[in-house]
2 protein chains.
Amino acid sequence: MDAAVALLDERGERGLTFRLLAKQLNTGPGALYWHVTNKDELVTLAADQVLGRAFAAAPRLEKGAIAGLRALAIAVFDVLDRHPWAASHVTAPATLPNALRLLDRIGTLVARTGLPAERQFAVTTAISYYITGVSAQIIAPRITVGATTSRDAYLTQTAERWEKLDPADYPFLTRTTTDLRDHDDRDQYTTGLDLLLDGLNTATDPRPPA
Amino acid sequence: MDAAVALLDERGERGLTFRLLAKQLNTGPGALYWHVTNKDELVTLAADQVLGRAFAAAPRLEKGAIAGLRALAIAVFDVLDRHPWAASHVTAPATLPNALRLLDRIGTLVARTGLPAERQFAVTTAISYYITGVSAQIIAPRITVGATTSRDAYLTQTAERWEKLDPADYPFLTRTTTDLRDHDDRDQYTTGLDLLLDGLNTATDPRPPA
DNA sequence: ACCTGAACACCGTTCAAGT
DNA sequence: ACCTGAACACCGTTCAAGT
């Protein structure tokens, strides 16, 4: 598994080959099929192992439940950021060990907010989906883009394309090109996360709405 | 492009082959490379075309900005729900025509909430990431799972696995198996969406926090 | 400008045979 | 129980040649 992760880090998903991995482990390609059903399973298992490293970064006890959720979410993002190939393979209806651990931790923290029991499952999965789904959206494109052009060059290039659009058709984008050029990916992740957690905070807030 | 979408709907991403698509169009596989750089681009273009169909479903004018965002988000989910292969290919740093249109519509609606201009870009992309990322998380697994087992069988099976976990290690999951079995995918999507939009509502609310 | 189709390089996967 | 490695079936992609 470690060898698979190393190969994926170096050469990406397409670069991981049964022949190559087998050679690295000093066996034949057929041997791997004794341990794994197919390549999909191999990559999925490797991604789950990478996910597991997030728990080392996220402290087990936090002051508040919301702060704990935030720390956990950021730990997952950072780990996937270092292994872009894994981002699109960490999926939610958790079956794999570390995906299960993640879901349970989120659920435990959500329960601690005092949210009514009947809403806890839906909110827990929603947060879990946000963490893995939005991380994947932000990180996965780097596989395609990062290979050819630098991030800066890419942003400048798309900003120029946005400027050339017709303001009548794209009123928002044409006036937002500087924000695009200067934005930070991690901020985008935390912006949505905080919006979501604010919503959760309001939902658990005993103060009645206006 | 229509032929490609049809093939993807029928046989999935792996089932779409240059030879097969070429035969369907009465040419050779090499001919396709005149129109498209490689398979990745072909699938990405097909996914963007599918995304475009969401605009037909989402009414252009809504009462409120938040309601408009909600309607748009649900329209995208529903379209991807009908074309699961496309879900993981609709990515955000928008270059393709319909992805651009989506981002602009979100931005225009966000601007209408009265959110300060300097926060509009971050919030717009956050919502865009939620829509495409979380949809992908919920819908994409069906490709792998749906092929072999029914949704009900799959849920019952994972619920049983959760029940067998050690409650000391997984306190939340072990007491949440019935929610798993009875949940609705679309509800999970809207739960997080509403949380996020509630957070946005609070952020634009003139009433000061307690 | 666009199509043809044979050919190349390479893969995932299988399986009879081994230890 | 686990490994070996040749072989199968099939791809994406290229390219010289055509129209």
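In what follows, every chain begins at residue 1, and chains take the letters A, B, ... in the order their sequences are listed. All values derive from a computational prediction rather than experimental measurement.
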task = Check whether the side chains of B:Gln120 and B:Thr124 place a donor and an acceptor atom closer than 3.5 Å, and report yes or no.
result =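 The criterion, which ignores hydrogens and geometry beyond distance, is not satisfied for B:Thr124 and B:Gln120.
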request  = Could you measure between the two P atoms, the one in D:dC2 and the one in C:dA17, and give it in whole Å?
outcome  = 22 Å
task = Take atom C1' in C:dC8 and the same atom in D:dC11, then report the distance between them in whole Å.
result =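 These two C1' atoms come out 12 Å apart once rounded.
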Distances under 3.5 Å only, N/O to N/O: pair up the protein atoms with those of nucleotides 16-19 of chain D.
none

Looking at DNA chain D, which of [range] put a heavy atom within less than 4.0 Å of it?
range                     : answer
residues 41-49 of chain B : none
residues 17-24 of chain B : B:Thr17, B:Phe18, B:Arg19
residues 27-40 of chain B : B:Gly30, B:Tyr33, B:Asn38, B:Lys39

side-chain hydrogen bond (donor to acceptor under 3.5 Å, both in side chains) involving [X] - partner list, sequence neighbours excluded:
X        : result
B:Asp182 : none
A:Glu13  : A:His89
B:Asp194 : B:Arg70
B:Arg186 : B:Asp78

Starting at [atom1] of [X] and ending at [atom2] of [N], how long is that distance when rounded to a whole Å?
X       : N      : atom1 : atom2 : value
B:Arg14 : D:dC10 : CZ    : C1'   : 12 Å
A:Asn26 : D:dT4  : CG    : P     : 9 Å
A:Leu25 : D:dG5  : CG    : C1'   : 16 Å

task = Give a yes or no on whether the ring-centroid distance for B:Phe18 and B:Tyr33 is below 6.0 angstrom.
result =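 They qualify: ring centres under 6.0 Å apart.
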task = Before giving the answer on salt bridge (Lys or Arg N to Asp or Glu O under 4.0 Å), spell out for A:Arg14 and B:Asp40 the whole-Å C-alpha distance, their side-chain angles and the decisive distance to 0.1 Å.
result = CA-CA 12 Å; A:Arg14 235 169 226 153; B:Asp40 255 18; 3.8 Å; yes
Taking all atoms of both residues into account, what is the closest heavy-atom pair of [X] and [Y], and its distance?
X        : Y        : value
B:Thr191 : A:Ala122 : OG1-CB, 3.8 Å
B:Trp85  : B:Asp9   : NE1-OD1, 2.7 Å
B:Asp198 : A:Gly199 : CB-CA, 4.2 Å
A:Phe77  : A:Ile139 : O-CD1, 3.7 Å

Once salt bridge (Lys or Arg N to Asp or Glu O under 4.0 Å) is applied, do any residues pair with [X], and if so which ones, sequence neighbours excluded?
X        : value
A:Arg151 : A:Asp185
B:Arg82  : none
B:Asp81  : B:Arg142

request  = Toss me the dot-bracket line for DNA chain D: Watson-Crick and G-U wobble, both under 3.5 Å, 5' to 3', using | for pairs to another strand and [ ] for crossers.
outcome  = ||.|||||...|||||.||
inquiry  = Check B:Asp179 with A:Arg119, please: is the shortest side-chain N to carboxylate O separation under 4.0 Å?
reply    =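 So A:Arg119 does not pair with B:Asp179 through a salt bridge.
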